[in-house]
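These numbers were taken from a predicted model, which means no experiment stands behind them.
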Amino acid sequence: MSILKLRPSCKDYLWGGHRLKEEYGKKYEGEILAETWELSCHPDGPSYIENGPYAGKTLQQYIDREGKEVLGANCRRFRDFPILTKFIDARDNLSIQVHPDNGYALKNEGQYGKTEMWYVMDAGEDAYLYYGFKKEISKEEFEKRIQKDTLLEVLNAVPVQKGDVLFIESGTIHAIGKNILIAEIQQNSNITYRVYDYGRVGKDGKKRDLHIEKALAVTNRVPIVRDKSSYPHVADCDYFTVDKLNLDGRVMKMMEGNVSEESFASVLILDGEGLISCQGETLKYKKGDSFFLPAGSGDYTVEGFCDALITTIRAKAAPVRIGIDIQKEEAKIGLIDIHRKLLAFEKVNLESCGSFDIIFKKIGECAVALLDKQGIPMDQCIGAGVGIPEISVKRNGAADCGESSLWTEKNVAEKIGRYLPIPVKIAGTDYVCALGAASLS
């Protein structure tokens, strides 16, 4: 099947409203509906398939069954499904918050960080949101203003109206203001560091937790310039490319597109109604619908009248791979560019590590440190190749390399993956992985 219609998971956060139920037809029995996770493989809120042989299954179950090929070649660099798409109905102000980048989130949270974009679907009169700082401030001033409840004085309040777009890079302090309806496309992460929450209490009657120490560590404390460089796209980065579709039903009645082997396509209907067709299959769409077209689906059409966001994943710009060669008493770590040139190299002594877990903790941390030393962000890496020992060697009570059940491809990849949120490929020959994960391309 070439078109999957998705049903979202629903969230009832205290600042939410009723519009997603009343205007967008979202089926939810609760009183407040703050968010619907329309395209999601995140365990905190998966989306479900409504049509075809996979009806009732989650999108992740479909991917597990059909294989990652349905995501496309450009998604091979991601360990997990790359994005999460939401509708957000902010009846009240959201908390002032910030999201970490991949490196910090991996080290401290065990999952990806979050870069996101907002498309304003509707906004009340005098609606605004917070986006960065008015001026550069020190870490000390930032902390002091949090403690004294004067943070809002230095935040940049941006008036918004329907059709506005903001790109929220990780590390940017931000908040959606009240009476704003938003379509959000983000990295596949649910990490938020709350800095200020207007003194509100949750369902348990207690004030919601703040994450001040972590926020101080990850926040970019300078003014943010709204970047127009994504043109002709609505948004474009290494995590997602978003395009706007507008059909007026008269002059522009139909759009023809193509879903190549490079990437799946997500079609999120913001308004309107009509038909979406692909490979002889035709489904009706209406305001609020979400569709997933697998990679390689070929030509498709959208006809009728609508506003929609179409999201794909483009190829990585200037990718870097990591090569890890594990020997008896040391590991060699190398960074390799797109031309297979060795950018940096380091040896790591493993003699005093002792246990299996400590070995991979040290290797993972050293790989991250090597990236930091070279000024290469984690999200520039698209894969790691790891060579593991093929002979049995006892090391200070450590597992037997090669013969122990611990030294399996699955175990090693899992341990390395705790520090490197990228695909990890294991090879038995040291020479192959000393050159990096070139075979991942």
Side-chain angles (χ1 to χ4, degrees), residues 5-40 42 44-48 50 83-97 116-131 157-166 168 174-186 190 192 197-198 200 202-203 208 234-235 242 244-249 266-274 284-291 304-311:
K5 185 177 181 180
L6 302 178
R7 171 171 55 85
S9 286
C10 298
K11 304 295 181 179
D12 63 346
Y13 306 133
L14 56 85
W15 43 260
H18 312 280
R19 298 185 64 181
L20 295 177
K21 289 199 302 180
E22 296 172 355
E23 298 178 30
Y24 287 78
K26 300 301 176 181
K27 297 179 180 178
Y28 181 67
E29 295 182 357
E31 181 180 352
I32 293 175
L33 181 52
E35 295 182 356
T36 55
W37 293 17
E38 299 290 336
L39 175 69
S40 172
H42 199 285
D44 290 347
S47 49
Y48 297 84
E50 287 196 337
I83 62 172
L84 198 164
T85 297
K86 303 175 180 178
F87 285 133
I88 301 175
D89 176 18
R91 182 183 59 179
D92 200 356
N93 296 318
L94 274 69
S95 61
I96 309 299
Q97 56 191 242
E116 61 193 11
M117 63 81 66
W118 292 337
Y119 180 91
V120 179
M121 300 160 61
D122 198 13
E125 188 176 355
D126 300 324
Y128 65 92
L129 47 78
Y130 288 114
Y131 182 65
V158 180
V160 292
Q161 59 186 356
K162 183 177 181 179
D164 284 348
V165 176
L166 280 92
I168 315 293
H174 62 277
I176 301 172
K178 63 182 179 181
N179 298 324
I180 300 178
L181 195 64
I182 278 182
E184 176 178 285
I185 295 163
Q186 59 160 87
N190 196 26
T192 294
D197 197 34
Y198 305 93
R200 292 181 295 203
K203 294 179 181 179
R208 298 198 295 172
V234 170
V242 183
K244 177 74 183 301
L245 170 64
N246 175 253
L247 300 177
D248 61 12
S266 163
V267 181
L268 186 65
I269 307 297
L270 310 180
D271 200 1
E273 60 182 21
K284 292 181 179 180
Y285 70 78
K286 66 181 185 307
K287 179 178 180 177
D289 281 346
S290 175
F291 299 95
F305 70 94
C306 72
D307 286 329
L309 296 179
I310 300 175
T311 303

Check against salt bridge (charged side-chain N to carboxylate O under 4.0 Å, His left out), K287 and D307:
CA-CA 9 Å; K287 179 178 180 177; D307 286 329; over 6 Å; no

Rounded to the nearest 0.5 Å, what's the gap from CZ on R91 to CG on L33? Could you check?
11.5 Å

Atom CG of L94 and atom CD1 of I88: how far apart are they, to the nearest 0.5 Å?
7.0 Å

D289 versus K5: any side-chain heavy-atom pair under 4.5 Å?
yes

Nearest heavy-atom contact between S9 and G45 is OG-C, 3.3 Å

Sequence neighbours excluded, the answer for salt bridge (Lys or Arg N to Asp or Glu O under 4.0 Å) partners of E38 is K26

Any side-chain donor near an acceptor of the partner, K244 and Y119, under 3.5 Å:
yes

Say whether H174 and E116, considering side chains only, have a donor N or O and an acceptor N or O under 3.5 Å apart.
yes

Which pair of heavy atoms, one from G288 and one from Y24, lies closest together, and at what distance?
CA-CD2, 3.7 Å

ring-ring contact (aromatic ring centres under 6.0 Å, His included) partners for Y28, two or more places apart
none

Looking at D197 and R208, does any basic side-chain N land under 4.0 Å from a carboxylate oxygen?
yes

Any side-chain heavy atom of L270 sitting closer than 4.5 Å to one from F87?
yes

Between Y128 and I180, the two heavy atoms sitting closest are O-CD1, 3.4 Å

List the residues meeting side-chain contact (heavy atoms from CB on, under 4.5 Å) with S40, not counting sequence neighbours, and say none if there are none.
W37, H42, S47, L84

Hey, is E35 close enough to K86 for a salt bridge, meaning N to O under 4.0 Å?
yes

Does the distance from a Lys or Arg side-chain N to an Asp or Glu carboxylate O, for R200 and D92, drop under 4.0 Å?
yes

Under a 4.0 Å threshold between the charged nitrogen and the carboxylate oxygen, would K11 count as salt-bridged to D44?
no

Atom CE of M117 and atom CG of L309: how far apart are they, to the nearest 0.5 Å?
6.0 Å

